[in-house]
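Please read the structure below before turning to the comments.
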Amino acid sequence: HSGNTVLSVMFQRVPGCYAQIDENSTIEHLSSLDAMTGEQRVRELHKLLKIEAEGLDAPTLEHLLAYSREHPDAGALGLYTEGMRFICERLGDSFFVQKATSYVFYGETILTRIPGSKLIYMARNPYDITASKKRRKPRLDLVWNTMVSWNKGARLAHDLIERFPDRVMIVRYEDLVTEPERTVRDVCAFVGVDFQESFLDVPHVNRSETGYSLTGDGRGLNRSRVFYYADNLTPTEIRALDMLADRPIVERLYPDLPHWQRGERGRTGNPVAAAWLRMKGPPAYLVESLTSRPTNLRHAISRILLRVKA
């Protein structure tokens with residue numbers, strides 16, 4: 001809900017780039033993969049790769065099985081990078097791009113253990129993210145988990161850019177859609193590719209009202225979803241988000257947040273109902289996280305802690 005899919009679609013148009021537009025969470029599972037051995041590890045990792053290149057699913061599995069036999073000490077990360085190298089080689093590409101909302105939480109692993117890797121953190125104001133999620137799943141309580149994990153991710157992104165200034169870039173969704181040419185030129189310069197006008201002509205994919213979708217119509221780089229939370233969240237939901245916001249980090253990225261600019265932070269909505277949204281958020285998030293994803297309990301708990309632990 002922050003422009004990751006639009007940026008991935010753009011990278012599909014970059015010559016020499018294999019860009020996957022579906023979310024890839026392989027990095028999240030490295031520790032559980034490393035607890036496996038031999039063929040089981042390879043087959044499980046291969047499933048997580050979600051290879052989108054036509055005709056390369058089976059050949060990549062065969063290659064990784066052979067590579068694993070030849071390199072029995074290769075861990076999950078080694079198999080992952082070898083698999084991606086093999087796909088790029090077969091396609092004639094020189095680098096690959098993958099997206100996942102979890103990558104910022106594994107940023108240190110990515111940047112220290114994958115030589116030459118770069119990380120783009122797509123930021124979007126958390127009020128609009130909450131509104132987007134609400135439009136997609138209106139029955140879920142999304143206030144607490146969205147703001148708490150946003151606070152953590154934004155802090156990590158700024159920490160990473162200080163430690164790896166040449167390899168981490170923060171891109172605001174709002175800048176991508178309101179100043180697309182300037183922003184995309186900056187992204188191209190960061191990655192090291194030449195800008196082309198065609199990169200800007202991307203469809204409007206993964207819209208909140210249509211469910212998760214990798215196809216779409218209309219132009220994706222448009223202003224229609226910028227600061228639209230006032231029309232999609234209740235005043236009480238906005239007040240609850242205000243209560244949870246890490247104000248310095250929000251203001252660092254969003255000094256132009258409309259209701260803060262108007263001096264309305266924490267002044268509208270029902271304060272008791274907002275406090276209740278804040279209080280019921282953690283157990284609701286725990287239940288949703290443990291029941292909505294087909295994964296093992298250890299991984300689910302680790303995933304939760306990465307997002308909410310200070």
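All values derive from a computational prediction rather than experimental measurement.
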Would you say the rings of Y121 and H158 are close, in the sense that their centroids are separated by under 6.0 Å?
no
Indicate yes or no for a side-chain donor-acceptor contact from N270 to the backbone of V272 under 3.5 Å, with no hydrogens or angles considered.
yes
Are any of the side-chain heavy atoms of F190 and V187 separated by less than 4.5 Å?
no
State yes or no: do I301 and W144 share one hydrophobic cluster built from I, L, V, M, F, W and Y residues joined by side-chain heavy-atom distances below 4.5 Å, directly or via other members?
yes
Between K99 and Q20 (side chain of the first, backbone of the second, donor and acceptor by atom type, cut-off under 3.5 Å), is there such a pair?
no
W260 ring centre to R247 NZ or CZ under 6.0 Å, with the angle to the axis within 45°?
yes
Which class fits the ring pair H259 and Y127: parallel under 30°, tilted 30 to 60°, perpendicular over 60°?
perpendicular
Taking only Lys NZ, Arg NE, NH1 and NH2, and the carboxylate oxygens of Asp or Glu, determine whether D242 and R278 approach each other closer than 4.0 Å.
no
Is a side-chain N or O of R136 found less than 3.5 angstrom from the main chain of S132, in a donor-acceptor match?
no
Quick check: does any side chain N or O of N151 sit under 3.5 Å from a backbone N or O of L244, one acting as donor and the other as acceptor?
yes
Mind checking whether M243 and V148 sit in one hydrophobic cluster, side chains of I, L, V, M, F, W, Y counted as touching below 4.5 Å?
no
Strictly distance-based, threshold 3.5 Å: is any side-chain N or O of Y18 a donor or acceptor partner for the main-chain N or O of F96?
no
Do the side chains of V42 and M36 join up, straight or via other hydrophobic residues, at under 4.5 Å, putting them in one cluster?
yes
Would you confirm whether R41, through its side chain, and L33, through its main-chain N or O, come within 3.5 Å as a donor-acceptor pair?
yes
Any side-chain to backbone donor/acceptor pair from T183 onto P180? Under 3.5 Å, distance only.
no
Which residue is it: L119, I110, L111? I am looking for the one with a side-chain contact (heavy atoms from CB on, under 4.5 Å) to F164.
L111
Is the shortest side-chain N to carboxylate O distance from R267 to E264 below 4.0 Å?
no
For the pair E52 (side chain) and I21 (backbone), establish whether a donor and an acceptor sit closer than 3.5 Å, ignoring hydrogens and angles.
yes
Closer than 3.5 angstrom, by distance alone: can the side chain of N24 be matched with the main-chain N or O of L49 as a donor-acceptor pair?
yes
Is there a chain of hydrophobic side chains (I, L, V, M, F, W, Y, each step under 4.5 Å between heavy atoms) that links W276 to V143?
no
Would the distance check show the side chain of T146 and the main-chain N or O of T130 forming a donor-acceptor pair, the cut-off being under 3.5 Å?
no
Identify whether the distance between the nearest side-chain nitrogen and carboxylate oxygen of K134 and E237 falls below 4.0 Å.
yes
Can you list, pair by pair, the side-chain donor-acceptor contacts under 3.5 Å of residues 70-88, counting residues two or more places apart and other chains?
unit_1: H71; atom_1: ND1; unit_2: Y67; atom_2: O; d: 3.1
unit_1: Y80; atom_1: OH; unit_2: Q98; atom_2: OE1; d: 2.5
unit_1: T81; atom_1: OG1; unit_2: L77; atom_2: O; d: 3.2
unit_1: T81; atom_1: OG1; unit_2: G78; atom_2: O; d: 3.1
unit_1: E82; atom_1: OE1; unit_2: R85; atom_2: NE; d: 3.1
unit_1: E82; atom_1: OE2; unit_2: H63; atom_2: NE2; d: 2.7
unit_1: E82; atom_1: OE2; unit_2: R85; atom_2: NE; d: 3.3
unit_1: E82; atom_1: OE2; unit_2: R85; atom_2: NH2; d: 2.7
unit_1: R85; atom_1: NH1; unit_2: E89; atom_2: OE2; d: 3.1

For residues 101-111, the salt bridge (Lys or Arg N to Asp or Glu O under 4.0 Å) pairs (sequence neighbours left out) are E108-R163
Co-membership, hydrophobic cluster, residues L30 and L305, 4.5 Å side-chain:
yes
